[in-house]
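To start, the structure under review is shown below, and the notes come after it.
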Amino acid sequence: MRLFSATIATETNTFSPLPTSIDAFKESVFLRPGEHPTDAPRMCTAPLFVARKRAAADGFTLIEGSCFAASPAGTVNKADYEFMRDEVLGQLKAALPLDGILFGLHGAMVAHGYDDVEGDLLERARAIVGPDVVIGVEYDPHCHMTLKRIRNSDISICYKEFPHTDVVDRAEDLLTLVLRTLRGEIKPVMSLYDCRQIGSYPTTLPLMRGFVDRMFDLEGKDGILSVSAVHCFPYADVEELTGRILVVADGDKAKADALATRLGEEFVSMRGKTMPEFLTPAGGIASGLAFNDAPVVLADPADNAGGGAPSDNTTLLRELIAQDAQEAALGPIWDPIAVKLCFDAGQGATFPLRFGGKIGPTSGQPVDAMVEVTALARDAWQSFGPTKVTLGDCAAIRIGGIDVVLITNRTQALGLELFSNLGIDPLTRKLLVVKSTNHFMAAFGPIAKKVIYVESDAPLSRDYTKMKYTKVQRPIWPLDPDAKPGGLIY
Ligand SMILES: [Zn+2]
């Protein structure tokens, strides 16, 4: 049995002022066959990582293709996407004959000329391998689950958890289902229900937690193989941006249809009830500083690099300074030039630094301050569940009672190492301000005595009616408050 695995992944915020070229992939994940690390998967590469570990025991040969993944940002350069796609498809052709393919995709990548990158990749892969090769795909739930993708794959699975702590577990599920299909034990059929809604669904909050737990309970019995809730990625202007429910059943399409409809209707009934409360920057910081236990973790989802934001907005830092916050730490602010200046000044130096507020109007104004460089770290990393994410060179600076972490490789706050790499022990701080939507909860949730979410003036507004969509299929909630669900579409 011969399986091929590869990854092309990023989450494209089509409203972002930061174009994505091949350099962004080279900064994050740019691994050719033979270069894949053995310690942990990188971003969306879990299918390859898991397949390699299980190949011998499960009796198949894994042909490793290239894996490319970039931090979320703006629309991807067309020639660069085609270069990566053609490399992977060339490897696929060279690997024939094959029995199965495992793709680790994010599922919300947009390139100039390609609103549905993954659909394009899967359609071309199917044309190469023909109808009999089993194509399995692992997606991030913040994806656009287009019909083209469903028509050109056999088994699709999204991570269930947000924060995405189950990237490896779902890759295990995918491999198991692909192998069972190849052994003739199951015949997967898929059903897709369109909820016609844009939303955010942290699974750390009770309503969505219960929904995900019920999804787990449904799997592995009564012919149901897999259940996925497609959250959607709200910051992309593409036609099939919408929340959907995907069910994979064993041979029985009617059963898959019925379950997708039941869960789809339930997902629709949760409109407007799945997000946390958001405070203003001033109110959130005042409330955090007044809390009588520590640490308080305060999140700035609107400047989440993981959603394509620049992560250099200064509003919360200004508010911390204005309220004379003590024992506070904030991270990350993406500013590679400021990091270099800190390295040039040296650890222990106090010097005037201008940082942050650079990329666009939603970055706010730069901060000018006398800063003390308290720590420097080369090629730093943070962990996210079972995966590792690069931060590049980092600097910690202190302004009054506030420590700020500046990073070179744009990414969101995921692991405690973001701070501890630079000698800042998160447990000793009263207030930790993190730029992240909800992934921070995997590591910061367990140490937080209180979690506060604020809505800043950074670009990723939680109010989707403010987004300037032109291509998104209408009606859709909440842009059209009475939007009816689309029902079964596959
Ligand atoms: Zn995601």
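All figures in this text were calculated on a predicted structure; none of them were measured in a lab. In listed order, ligands and their atoms are each counted from 1.
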Item checked: Qualifying ring-ring contact (aromatic ring centres under 6.0 Å, His included) pairs, either residue in residues 103-126, two or more places apart -> Tyr81-Tyr114

Next item on the list: Using the side-chain contact (heavy atoms from CB on, under 4.5 Å) rule, pick out the option among Leu431, Val433, Leu298 that qualifies with Ile452.
Entry: Leu298

Notebook entry, point to check: Checking Gln197 side chain against Phe267 main chain: does a donor-acceptor pair fall under 3.5 Å?
Noted result: yes

Item checked: Donor-acceptor side-chain pairing of Ser363 and Asp312 below 3.5 angstrom -> yes

Check: Distance only, no hydrogens: is a donor on one side chain within 3.5 Å (strictly under) of an acceptor on the other, for Ser21 and Asn77?
Finding: no

Notebook entry, point to check: Do His144 and Asp116 get their side chains close enough for a donor-acceptor pair, meaning under 3.5 Å?
Noted result: no

Check: Which N, O or S atoms belonging to the protein are less than 2.8 Å from the Zn ion (ligand 1)?
Finding: Asp140 OD1, Asp140 OD2, His142 ND1, His164 NE2

